[in-house]
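A short worksheet on the structure shown next.
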Amino acid sequence: MNYNWDWASVGDSLPLLWEGFKTTLLATVLGTLVAAVLGLIVAMAGRAPSRLVTVPVRAVTEFVRSTPLLVQLAGAYAVFNTVEPLTIGITVLGIHYASYLSEVYRAGIDAVPKGQWEACRALSMSPRRTWQAVILPQAVRNVLPALGNYAIAMFKETPFLAVITVSEMVAEAREYGATHFVYAETFTLAGLIFLAASYPTSLLMRKLEKRLGH
């Protein structure tokens with residue numbers, strides 16, 4: 001069976017895929033911001049001296065890590081069905097990846113030399129000042145490449161948002177393909193756009209990792 005590639009449909013579908021790409025990019029950027037901030041909060045909470053804080057935080061984190069993103073999206077959409085689907089998607093993506101980034105932050109904090117902590121105590125710096133001026137700047141610098149890699153992973157998982165009716169790029173490709181019976185063209189174009197966006201970013205993260213490693 002021969003298949004004739006329809007170049008015309010590629011051009012026709014591009015504007016729709018571009019609109020979907022903008023939604024994909026928005027979900028990725030905002031989801032990454034949520035994950036970065038919430039992940040740091042979770043990492044800090046996990047170091048609290050009271051088990052009344054650390055035990056629930058670790059339990060929730062493990063629950064989020066142990067359940068599929070797809071299930072989390074569907075569950076949140078069913079419970080918060082009056083909220084804008086894109087808002088739900090961004091929030092769920094942020095929470096899901098925050099559970100992983102919290103471990104990245106924890107590793108970055110643990111990588112700060114003990115001498116830094118001792119120097120802060122010797123200078124009688126308050127705990128807040130110690131974290132803000134000394135520990136967190138070094139920890140965040142240590143984990144920047146990992147944060148970038150998780151952002152790329154989130155970008156590639158945004159097609160799951162179609163489950164909650166978000167019109168991201170793959171959803172637009174599927175919709176156009178179903179209407180015009182040209183699935184191969186639209187999905188190939190969507191895949192190439194994903195590749196064009198994620199591969200250079202991945203190379204940039206590798207360069208950043210090497211630079212920070214020196």
Side-chain angles (χ1 to χ4, degrees), residues 1-36 38-39 63-101 145-207:
M1 180 178 178
N2 295 324
Y3 182 81
N4 295 320
W5 185 269
D6 187 357
W7 286 105
S9 66
V10 173
D12 291 342
S13 64
L14 186 57
L16 289 175
L17 265 63
W18 175 247
E19 290 300 316
F21 176 76
K22 289 192 288 186
T23 301
T24 294
L25 192 60
L26 177 64
T28 302
V29 172
L30 295 183
T32 300
L33 289 175
V34 172
L38 185 58
F63 173 79
V64 173
R65 285 187 203 148
S66 303
T67 53
L69 175 60
L70 193 62
V71 173
Q72 294 170 12
L73 285 167
Y77 185 63
V79 174
F80 304 103
N81 49 38
T82 59
V83 180
E84 179 70 25
L86 182 57
T87 301
I88 294 175
I90 291 170
T91 304
V92 173
L93 282 172
I95 293 174
H96 183 82
Y97 277 90
S99 67
Y100 294 98
L101 289 180
L147 292 177
N149 290 332
Y150 274 112
I152 295 172
M154 184 187 297
F155 174 66
K156 292 186 291 185
E157 289 198 334
T158 52
F160 284 135
L161 298 183
V163 173
I164 58 173
T165 73
V166 174
S167 297
E168 46 72 52
M169 184 166 57
V170 174
E172 293 287 4
R174 185 185 301 111
E175 181 67 23
Y176 186 91
T179 305
H180 297 82
F181 305 103
V182 284
Y183 289 103
E185 289 83 351
T186 55
F187 279 116
T188 299
L189 182 57
L192 290 174
I193 294 173
F194 268 110
L195 178 63
S198 62
Y199 185 65
T201 307
S202 178
L203 293 178
L204 181 62
M205 288 301 104
R206 291 180 188 175
K207 290 183 178 180

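Just so we're clear, the structure is a prediction, and the values are computed from it rather than from any experiment.
With hydrogens and angles disregarded, a donor-acceptor distance shorter than 3.5 Å links the side chain of S13 to the backbone of V10.
The OH atom of Y176 sits 10.0 Å away from the CG atom of L17 when rounded to the nearest 0.5 Å.
Annotation: side chain to side chain contact (heavy atoms under 4.5 Å, CB included) contacts of A36 (sequence neighbours excluded): Y105. Not counting sequence neighbours, the partners of L70 by the side chain to side chain contact (heavy atoms under 4.5 Å, CB included) test are F160, V163. With sequence neighbours excluded, the residues forming a side chain to side chain contact (heavy atoms under 4.5 Å, CB included) with T179 are E175, listed by chain and number. Residues passing the salt bridge (charged side-chain N to carboxylate O under 4.0 Å, His left out) test with R65, sequence neighbours excluded: E62, E103.
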How far apart are the C-alpha atoms of I88 and V166, what are their side-chain angles, what is the distance that settles it, and do they pass the side chain to side chain contact (heavy atoms under 4.5 Å, CB included) test?
-> CA-CA 10 Å; I88 294 175; V166 174; over 6 Å; no
Trace of the side chain to side chain contact (heavy atoms under 4.5 Å, CB included) decision for V170 with L161 = CA-CA 9 Å; V170 174; L161 298 183; over 6 Å; no
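Judged as a side-chain hydrogen bond (donor to acceptor under 3.5 Å, both in side chains), the pairs with a partner in residues 90-100 (not counting sequence neighbours) are, in order, Q72-H96, Y97-E157. Annotation: side-chain hydrogen bond (donor to acceptor under 3.5 Å, both in side chains) contacts involving residues 74-84, sequence neighbours excluded, are absent. Annotation: ring-ring contact (aromatic ring centres under 6.0 Å, His included) contacts involving residues 9-32, sequence neighbours excluded, comprise W18-F21.
Of the options L86, L73, V92, a side-chain contact (heavy atoms from CB on, under 4.5 Å) to I164 is made by L73 and by none of the others.
A heavy-atom distance below 4.5 Å is found between the side chains of S9 and E185.
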Can I get a per-line list of side-chain donor-acceptor pairs under 3.5 Å for residues 23-33, giving both atom names and the distance, sequence neighbours left out?
from: T23; atom 1: OG1; to: E19; atom 2: O; distance (Å): 3.4
from: T24; atom 1: OG1; to: G20; atom 2: O; distance (Å): 3.1
from: T24; atom 1: OG1; to: M169; atom 2: N; distance (Å): 3.2
from: T28; atom 1: OG1; to: T24; atom 2: O; distance (Å): 2.8
from: T32; atom 1: OG1; to: T28; atom 2: O; distance (Å): 2.6

Using a 3.5 Å cut-off and no angle test, enumerate the donor-acceptor pairs between side-chain atoms of residues 186-196 and protein atoms at least two apart in sequence or in another chain.
from: T186; atom 1: OG1; to: A173; atom 2: O; distance (Å): 3.2
from: T186; atom 1: OG1; to: V182; atom 2: O; distance (Å): 3.3
from: T186; atom 1: OG1; to: Y183; atom 2: O; distance (Å): 3.2
from: T188; atom 1: OG1; to: A184; atom 2: O; distance (Å): 2.6

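Residues A35 and M154 come closest through the heavy atom pair CB-CE, 4.3 Å. Taking both residues in full, the closest heavy atoms of E172 and S167 are given as OE2-CB, 3.6 Å, listed atom of the first, atom of the second, then distance. The minimum heavy-atom distance between F181 and A178, with the atom names listed, is CE2-O, 4.0 Å.
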